[in-house]
**Q** 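What follows is a structure written as structure tokens; I'll ask about it next.
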Amino acid sequence: MLQRLDIHNLAIAHDVRVDFRDGLNVITGETGAGKSVIVQSISAVLGGKLTADSISAGADSLRLDAVFSLAPTGPARDALGDLASDADTTVTASREVDRSGRHKYRINGRIVPISTLRALGENLVDVHGQHEPQSLLVRDNHIQLLDAFLGHDVLAAREDFARKLAELRASRRELDLIEQRRAEWDSETSFLEFASEELRAAHLVAGEDAALKAEQRVLENARELQEQLGQAATVLNGDDSTDTEGIVRQTGRLYRTLDTLCAIDPRLGEIASLLDGAIAGLKEAASALDDYLGSLELDDAHVAEVTGRLDAITRLEEKYHRDLDGLIAWQAEVDSALAVRSGHAGDEAGLRRQVELLEQELADTGAWLSVKRKEGAPLLARKVEEQLRDLAMGNARFVCSIEESVDEQGIEVGGERFKATDTGVDVVEFLIAPNPGEGLRPLREIASGGELSRVMLALKTVFAETDRIPTMVFDEVDAGIGGETGIAVAGKLADLGRRRQVIVITHLPTIAARAGNHLVIAKEQTEHATTVSIRRVTGEERVREIARMVSGDQLSDVALAHARELLQQS
């Protein structure tokens with residue numbers, strides 16, 4: 001339970017300490033005294049809305065500290081993890097905000113993210129704000145309340161349904177995009193497949209065109225090369241048919257002459273050596289020339305083959321507007337693009353299988369949720385009616401209506417397709433007939449705020465039977481009620497207080513009189529500042545506070561007597 005709340009510089013609460021007790025705690029005070037600051041602080045210290053605008057005038061920051069008793073085991077301790085030891089019997093949640101808007105969150109003095117504070121708060125306090133009854137007017141909230149009543153298995157199945165529905169929607173969107181692109185892709189794919197086949201059949205090789213052009217030049221001039229190089233070979237080697245001596249033999253004969261004359265003049269030896277070297281080079285040249293002439297082809301068919309190959313390459317270059325190197329590189333790009341398209345085709349098939357699987361799983365989960373809701377709705381309605389009887393609505397009928405909305409694009413359940421939302425395929429709405437003879441109507445058509453508040457209190461009481469949250473906070477749950485209804489509401493809050501800690505801000509003396517801990521908040525004004533104070537009242541001081549609630553500031557003997565009577569009856 002909440003043991004203590006310290007407020008520093010929140011609005012007009014400059015330095016306020018509030019000590020709470022087990023059971024029913026009430027906070028009273030004149031209108032405008034600042035009672036809502038208490039509820040705001042409890043909510044904010046556990047991760048609720050809070051901005052720098054709430055900092056007191058003249059202060060640089062605000063700070064909130066809340067001390068809770070901690071059960072030895074349970075969800076709250078589980079949420080703390082290593083933030084609390086096994087020996088800890090309390091936990092302190094803290095929050096600071098400075099003028100720059102920077103927030104600091106702590107648990108037991110250790111900095112934590114706001115999500116940790118919120119997780120702790122969800123297991124410690126249920127805050128029922130002034131306007132929460134109005135949430136019953138929103139039909140979408142009804143399924144949340146029914147599912148919370150049905151418990152963990154339904155909530156877990158609903159989370160699973162929401163997750164898979166999101167996956168289904170994403171898969172369907174992806175399939176739609178694939179289908180939209182298919183016509184364009186089919187045309188492109190046909191072109192790419194043809195191009196890939198044509199390029200693959202061409203067996204293109206880098207630099208092949210330059211080599212072919214060089215070979216073509218030689219082949220086209222082979223006869224001229226043969227004629228002129230044949231004459232050159234005759235000059236080098238001579239011609240036996242005409243008894244013509246070639247340069248190689250003439251040079252050899254000259255060398256032998258000079259070599260003989262070296263015996264007369266050794267200086268001729270250098271010249272003879274030069275001739276000897278020249279003979280070797282001439283012989284090598286003659287041999288190479290003979291080999292070249294032997295390799296020359298005069299095959300017109302080969303010329304046509306080379307020319308045809310060059311023409312084929314040229315046609316591809318012109319067709320695809322790329323040179324040979326560009327064609328080879330593009331072929332790799334084409335094959336890669338086709339591989340991607342092939343992958344997309346596989347993806348599409350996989351997506352269709354995934355859509356079918358998700359639709360089936362959603363159908364199963366949606367059907368299961370519907371069964372559980374239709375089984376549990378009458379039980380919730382019966383329990384709410386029991387609570388309403390205690391709240392002076394003994395003849396009220398309460399019904400949890402569950403229907404489905406047909407949608408051709410929805411999820412198929414039982415052979416028919418229904419609209420699906422994150423909560424399933426059901427539409428839940430609370431209906432009520434407050435008085436005998438009245439037909440069932442949606443809660444949003446209830447004109448009385450007092451009736452709406454009692455329905456909300458009835459629901460809270462029902463949930464209190466199953467949830468494990470130790471502290472419940474009600475901010476003016478008594479709005480719009482009084483008289484016998486106020487007495488009934490007071491009794492219900494007192495009954496709740498016997499099972500857990502209840503904190504109530506109220507203007508009804510009948511509720512205040514039932515409290516085990518009565519706190520009064522007051523506004524104090526000086527020439528320079530306005531602040532609030534809060535104190536526990538007992539004895540005669542409490543009598544006077546309840547009398548004020550009965551009659552206002554003029555405390556009559558009748559009001560005081562009525563206050564004492566209320567306290568005695570409690």
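Bear in mind the structure is a predicted one, so any value in this text is a computation, not a measurement.
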**Q** Would you say Arg536 and Asn517 are linked by a side-chain donor-acceptor pair, where the criterion is simply a distance under 3.5 Å?
**A** yes
**Q** Sub-3.5 Å donor-acceptor pair from the side chain of Thr531 to the main-chain atoms of Ile12, do we have one?
**A**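 Checked: pair present.
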**Q** Mark yes when over 12 heavy atoms from residues, nucleotides or ligands other than Lys164 sit less than 6.0 Å from its NZ; otherwise mark no.
**A** yes
**Q** Checking Gln387 side chain against Leu459 main chain: does a donor-acceptor pair fall under 3.5 Å?
**A**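 No, the answer is negative, given that no donor and acceptor are paired below the 3.5 Å cut-off.
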**Q** Closer than 3.5 angstrom, by distance alone: can the side chain of His14 be matched with the main-chain N or O of Thr530 as a donor-acceptor pair?
**A**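 It does hold such a pair.
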**Q** Using a 3.5 Å distance criterion without hydrogens, assess whether the side chain of Thr461 forms a donor-acceptor pair with backbone atoms of Leu457.
**A** yes
**Q** Could you check whether Gln144 and Asn141, counting side-chain N and O atoms only, form a donor-acceptor pair closer than 3.5 Å?
**A** no
**Q** Which heavy atom of Phe161 sits nearest to which heavy atom of Thr421, and what is that distance?
**A** CE2-O, 3.1 Å
**Q** Please examine the side chains of Arg373 and Asp147, heavy atoms only from C-beta on, and report whether any two atoms are closer than 4.5 Å.
**A** yes
**Q** Test side-chain contact (heavy atoms from CB on, under 4.5 Å) on Phe149 and Val154 and set out the steps.
**A** CA-CA 9 Å; Phe149 171 75; Val154 168; over 6 Å; no
**Q** Quick check: closest heavy atoms across Ala433 and Leu440, and the distance to 0.1 Å?
**A**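 Closest approach of Ala433 to Leu440, heavy atoms only: N-CD2, 3.7 Å.
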**Q** Could you tell me whether a side-chain N or O of Asn108 sits under 3.5 Å from a main-chain N or O of Thr92, the two making a donor and an acceptor?
**A** yes
**Q** Using the test side chain to side chain contact (heavy atoms under 4.5 Å, CB included), find all partners of Ser401 that sit at least two apart in sequence or belong to another chain.
**A**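 For Ser401, the residues satisfying side chain to side chain contact (heavy atoms under 4.5 Å, CB included) (neighbours in sequence not counted) are Glu403, Leu431.
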**Q** Kindly determine whether Val97 and Leu50 satisfy side-chain contact (heavy atoms from CB on, under 4.5 Å), including the steps that lead there.
**A** CA-CA 8 Å; Val97 187; Leu50 186 64; 3.7 Å; yes
**Q** Could you list the residues that satisfy side chain to side chain contact (heavy atoms under 4.5 Å, CB included) with Ala13, not counting sequence neighbours?
**A** Ile7, Val16, Val37, Val532
**Q** Are any of the side-chain heavy atoms of Leu493 and Arg514 separated by less than 4.5 Å?
**A**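 In short, these two side chains do not touch, never coming nearer than 4.5 Å.
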**Q** Write out all pairs satisfying ring-ring contact (aromatic ring centres under 6.0 Å, His included) with one or both partners inside residues 456-512, taking only residues at least two apart or from two chains.
**A** His128-Phe474
**Q** What residues form a side chain to side chain donor-acceptor pair (under 3.5 Å) with Asp19, not counting sequence neighbours?
**A** Arg17
**Q** What I'd like to find out is whether the side chain of Leu391 reaches to under 4.5 Å of the side chain of Thr485, using heavy atoms alone.
**A**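 A side-chain contact under 4.5 Å is absent here.
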**Q** May I ask you to decide if Glu429's main-chain N or O and Arg139's side chain share a donor-acceptor pair within less than 3.5 Å?
**A**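 Answer holds: no.
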**Q** Can you confirm whether more than 12 heavy atoms, excluding those of Glu484, are under 6.0 Å from its CD atom?
**A**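 No, because the 6.0 Å sphere around CD of Glu484 holds 12 heavy atoms or fewer from other groups.
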**Q** Between Asp126 and Lys460, is there a side-chain heavy-atom distance shorter than 4.5 Å?
**A** yes
**Q** Just wondering, do Val504 and Asn25 contact through their side chains at under 4.5 Å, heavy atoms?
**A** no
**Q** What residues form a salt bridge (charged side-chain N to carboxylate O under 4.0 Å, His left out) with Glu541, not counting sequence neighbours?
**A** Arg535
**Q** Restricting to side chain to side chain contact (heavy atoms under 4.5 Å, CB included), what partner residues turn up for Arg389, sequence neighbours left out?
**A**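 Side chain to side chain contact (heavy atoms under 4.5 Å, CB included) list for Arg389, sorted by chain: Glu385, Glu386.
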**Q** Who passes salt bridge (charged side-chain N to carboxylate O under 4.0 Å, His left out) against Asp407, sequence neighbours left out?
**A** none
**Q** Without hydrogens or angle criteria, can the side chains of Glu565 and Gln569 be said to hold a donor-acceptor pair below 3.5 Å?
**A**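 Looking only at side-chain atoms, Gln569 and Glu565 do form a donor-acceptor pair, the distance falling under 3.5 Å.
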**Q** Is a side-chain donor or acceptor of Lys35 paired with a backbone partner of Gly29 at a separation under 3.5 angstrom?
**A**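 Indeed, once roles are kept as given, a pair shorter than 3.5 Å links the two residues.
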**Q** Decide, yes or no, whether a salt bridge links Arg169 with Asp422 under the criterion of side-chain N to carboxylate O below 4.0 Å.
**A** yes
**Q** Do you know which two heavy atoms are closest between Arg454 and Ala392, and how far apart they sit?
**A** NH1-O, 3.4 Å
**Q** Taking all heavy atoms of His8 and all of Asp65, pick out the closest pair and write down the distance.
**A**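 Answer, listing the atom of His8 first, then Asp65: CD2-OD2, 4.2 Å.
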**Q** Atom CG of Asp426 and atom CG of Leu369: how far apart are they, to the nearest 0.5 Å?
**A** 7.0 Å
**Q** Please check if the side chain of Ser43 supplies one atom and the backbone of Val39 the other of a donor-acceptor pair under 3.5 Å.
**A**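 Checking the backbone N and O of Val39 against the side chain of Ser43, no donor-acceptor pair under 3.5 Å is found.
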**Q** Can you list the steps and then say if Val425 with Ser370 is a side-chain contact (heavy atoms from CB on, under 4.5 Å)?
**A** CA-CA 8 Å; Val425 296; Ser370 292; 3.8 Å; yes
**Q** In Å, rounded to the nearest 0.5 Å, how long is the span from CD of Glu375 to CG of Leu380?
**A** 14.0 Å
**Q** For Glu167, what residues pass the salt bridge (charged side-chain N to carboxylate O under 4.0 Å, His left out) criterion, not counting sequence neighbours?
**A**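 Result, salt bridge (charged side-chain N to carboxylate O under 4.0 Å, His left out) vs Glu167: Arg163.
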**Q** Under a 3.5 Å threshold, yes or no: a donor from one side chain and an acceptor from the other, between Thr28 and His518?
**A**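 Indeed, the side chains of Thr28 and His518 share at least one donor-acceptor pair under 3.5 Å.
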**Q** Does a side-chain heavy-atom distance below 4.5 Å link Val543 with Leu560?
**A**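 Of all side-chain heavy-atom pairs linking Leu560 with Val543, at least one is under 4.5 Å.
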**Q** Name all residues meeting the salt bridge (charged side-chain N to carboxylate O under 4.0 Å, His left out) criterion together with Arg499; count only those two or more places apart in sequence or in a different chain, and write none if there are none.
**A**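 Arg499: salt bridge (charged side-chain N to carboxylate O under 4.0 Å, His left out) contacts with Asp495.
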**Q** Can you check whether Ala44's main-chain N or O pairs, donor with acceptor, with Arg95's side chain at less than 3.5 Å?
**A** yes
**Q** Looking only at heavy atoms, what is the nearest atom pair of Ala420 and Ile411, with distance?
**A** CB-CG1, 3.6 Å
**Q** So do Val520 and Ile534 actually touch side chain to side chain, heavy atoms under 4.5 Å?
**A**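 Not touching, per the 4.5 Å side-chain cut-off.
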**Q** Looking only at non-hydrogen atoms, find the nearest pair between Pro470 and Arg500 and report the distance.
**A** O-CB, 3.3 Å
**Q** Drop me the distance from Ile114's CD1 to Lys104's NZ, to the nearest 0.5 angstrom.
**A** 15.5 Å
**Q** Measure the spacing between CD1 of Ile55 and CG of Leu10 and express it to the nearest 0.5 Å.
**A**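 These two atoms lie 9.5 Å from each other.
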**Q** Assess whether side-chain contact (heavy atoms from CB on, under 4.5 Å) is satisfied between Glu359 and Arg417, documenting all intermediate values.
**A** CA-CA 11 Å; Glu359 286 181 341; Arg417 287 191 174 272; 4.2 Å; yes
**Q** Only counting residues at least two apart or in another chain, list the ones meeting side chain to side chain contact (heavy atoms under 4.5 Å, CB included) with Glu122.
**A**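 None.
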**Q** When you measure from the side chain of Ser61 to the backbone of Asp98, do you find a donor-acceptor pair of N or O atoms at a distance under 3.5 Å?
**A**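 No, the answer is negative, given that no donor and acceptor are paired below the 3.5 Å cut-off.
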**Q** Sort and list the pairs that fulfil ring-ring contact (aromatic ring centres under 6.0 Å, His included) and have at least one residue in residues 394-434, not counting sequence neighbours.
**A**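 Sorted result for residues 394-434: His142-Phe430, Phe398-Phe430.
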**Q** For a 4.5 angstrom cut-off between non-hydrogen side-chain atoms, does Gln501 reach Gln3?
**A**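 Result no, sub-4.5 Å side-chain heavy-atom pair not found.
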**Q** Which donor-acceptor pairs under 3.5 Å do side chains of residues 66-84 form with protein atoms, sequence neighbours excluded?
**A**
| residue | atom | partner | partner atom | Å |
| --- | --- | --- | --- | --- |
| Ser69 | OG | Met1 | N | 2.7 |
| Ser69 | OG | Met1 | O | 3.4 |
| Arg77 | NE | Ala71 | O | 2.9 |
| Arg77 | NE | Pro72 | O | 2.9 |
| Arg77 | NH1 | Ser85 | O | 2.9 |
| Arg77 | NH2 | Ala71 | O | 3.3 |
| Arg77 | NH2 | Asp88 | O | 2.7 |

